Amino acid sequence: MFKLLHKAAWPITVVVPLTMASASVAQTVADDAKCLLVSNTYARTSTTQEARVIAGSTAAFYLGRIDGRVSPTALKAALAAQQKLLTAANGPAIMKACTERLGQVERSVSAMALPANPPARSRGER
């Protein structure tokens, strides 16, 4: 019974802190659109496989943040507005900030999702 309750309760303990923390690190649709654009560009144009993979993961993260949050019309407008602001000169700094944001989220989720002291297993459990 404990095993069942423990497994059923953990998503709540992860989701509640995420929703509470999201306000302090919230980004606007414009910020997410900017990160989506720059990371997608880096995913297509980076010269190393590692950089393309990191940029692709970053693009997927920001696409997920935008998906369902705004209408297609509003998304198109946000992407068009941000496209005008991106340059070769500011692209690297923007990409760095976007990947750092993704790293912060990954660390926060990992810290919440992984128990510091997992419950001891009985002899019969695997």
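This structure is a prediction, so every number in the text was calculated from the model and none was measured.
Within the 4.5 Å cutoff, no side-chain heavy atoms of Pro72 are placed close to those of Lys76. Between Cys98 and Val38 the shortest side-chain heavy-atom distance falls below 4.5 Å.
Atoms NZ and CG, on Lys34 and Asn90 in that order, are 8.0 Å from each other to the nearest 0.5 Å. In this structure, CG in Leu75 is found 5.5 Å from CD1 in Ile66, a value given to the nearest 0.5 Å. The distance from atom CG of Leu63 to atom CG of Leu36, rounded to the nearest 0.5 Å, is 6.0 Å. Expressed to the nearest 0.5 Å, how far CG of Leu79 lies from CG of Leu37 amounts to 5.0 Å.
Of the possible polar contacts, none joining the Arg101 side chain to the Ala97 backbone as a donor-acceptor pair under 3.5 Å is found.
For Ser71, the side-chain hydrogen bond (donor to acceptor under 3.5 Å, both in side chains) test picks out no residue, with sequence neighbours left out.
Between Asp32 and Arg69 there is a salt bridge, since at least one side-chain N of the basic residue sits less than 4.0 Å from a carboxylate O of the acidic one.
Looking at every heavy atom in both residues, Leu102 comes nearest to Tyr62 through N-OH, 4.2 Å.
For residues 35-50, the side chain to side chain donor-acceptor pair (under 3.5 Å) pairs, not counting sequence neighbours, are Gln49-Arg52. Pairs of residues two or more places apart, or lying in two chains, that qualify as salt bridge (charged side-chain N to carboxylate O under 4.0 Å, His left out) and include a residue from residues 85-99 are Lys96-Glu100.
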